[in-house]
Every structure is written in C-alpha cells, then in structure tokens.
Amino acid sequence: MTPPFPAVVFDLDGTLTVPGTSRPAPGVVALVGALHARGVDLAVATSASTAVARRVLDDLGLRACFTAVAGRGVDGRFDGKDAVVGEALLGLGILEAAPGTPMLGDGAGDMAAALAHGLVPVGVAWGGAPAGTLRAAGAHVVLEHPDELWVLGAS
Ligand SMILES: [Mg+2]
C-alpha cells in the first residue's frame, strides 16, 4: 500500500493535544496510529522542550509512531518554529520536502514555518485559533477534525 503522504509534521500543543494540556485532542490518536500503520514518516516540531514533548507522546501512547521529535533544547534554547521544523525534517532524513508533505498546526507560526520549508500548511481548528487567522497565515485548509486530513492524501 502506498503511503498517503510522503511524511507528516505535527505541532504538539493545540494540535496533538488539547491546548494547554497533555490530553489528546479528539481523533488525533487514531489519525497518528493510522498514518504510522500506513508507513508515513511522522515528526513533531514544538516550542516545548524536546524532553517534555517525548513524555507527552509517551503518555499518549504515540511515541513509537514518531521518527523525529524536535523542540527546545536542554539549554532552553529556542530559535523559532522555523528552526524546529527544519530540525524535525532532518530527523526524518528529509533535506527537501516532497510535494504534498503536510504540516499540521494550530498557530500562525506553524503555517509560516511550514511555508518556509515547502510543506503544505494545514491549520487545525481545535487549537482555538480562528480559521481566518490560520488562512491569513497561509493555511491551505483548516481541518475541523483530524480525519479530514485523509481527503488531502486522496487528492
Ligand atoms: Mg500549537
């Protein structure tokens, strides 16, 4: 079976989780599991520390699904979302993203970082940012539910 996407990059807070919590956003655990089962390489790119991100993924039972987890370093250094997305892609062994590689995020910064790396900016409505804000930041689409991602893979 051909993977529906070359790879997928996820923001953490407000995208994989309910904003400000470590609880999974409805539908994301199933989505991540299904993408992984289909052989899609997955990465997390977050402004949280990498250690915290790994722990959250552990708690969600999703850690093994992710090949790369990029976040703030142990020294607290954070060079912006753009930089962590680049690090996440390197973690996947991607120097140049294949066309149709989506990045899901709930913030304008996620959309900008996706564009900077040639990823398809996909906004998620469950993080709380207005869809209009995400579209203005470059989102090609704003998902109301994680399952809507599959439509992009089919097109
Ligand atoms: Mg977020």
Side-chain angles (χ1 to χ4, degrees), residues 5 7-36 40-92 94 97 100-153:
F5 303 97
V8 181
V9 179
F10 287 89
D11 166 54
L12 182 65
D13 185 60
T15 299
L16 290 175
T17 61
V18 174
T21 79
S22 56
R23 285 181 287 119
V28 298
V29 171
L31 173 67
V32 169
L35 289 168
H36 179 63
V40 181
D41 283 334
L42 304 178
V44 165
T46 177
S47 56
S49 82
T50 303
V52 165
R54 290 201 179 111
R55 193 181 327 134
V56 170
L57 293 175
D58 271 335
D59 290 348
L60 298 180
L62 297 177
R63 173 81 175 275
C65 296
F66 286 89
T67 303
V69 179
R72 194 179 298 263
V74 286
D75 58 357
R77 185 187 167 112
F78 181 65
D79 294 329
K81 197 65 185 236
D82 194 343
V84 284
V85 170
E87 188 186 334
L89 291 172
L90 283 178
L92 294 179
I94 296 172
T101 303
M103 168 160 180
L104 276 66
D106 69 316
D110 297 317
M111 303 299 97
L115 286 170
H117 290 282
L119 303 170
V120 179
V122 176
V124 306
W126 56 90
T133 300
L134 295 170
R135 286 209 177 85
H140 286 201
V141 63
V142 178
L143 308 181
E144 295 290 333
H145 186 278
D147 285 349
E148 294 169 15
L149 183 68
W150 297 111
V151 176
L152 297 182

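In listed order, ligands and their atoms are each counted from 1.
Using a 4.5 Å cut-off on side-chain heavy atoms (C-beta onward), Leu143 and Trp126 make contact. In this structure the side chain of Leu152 reaches within 4.5 angstrom of the side chain of Phe5, judged on heavy atoms. Looking at heavy atoms from C-beta onward, Leu42 lies out of side-chain contact with Leu92 at the 4.5 angstrom threshold.
The existence of a salt bridge linking Arg23 and Asp59 is excluded, since no basic side-chain nitrogen approaches an acidic carboxylate oxygen closer than 4.0 Å.
When the Mg ion (ligand 1) is compared with the N/O/S atoms of Asp13, atom O turns out nearest. Looking only at N/O/S atoms, Asp106 comes nearest to the Mg ion (ligand 1) through OD1.
The Mg ion (ligand 1) has Asp11 among its coordinating residues (N/O/S atom, backbone or side chain, under 2.8 Å).
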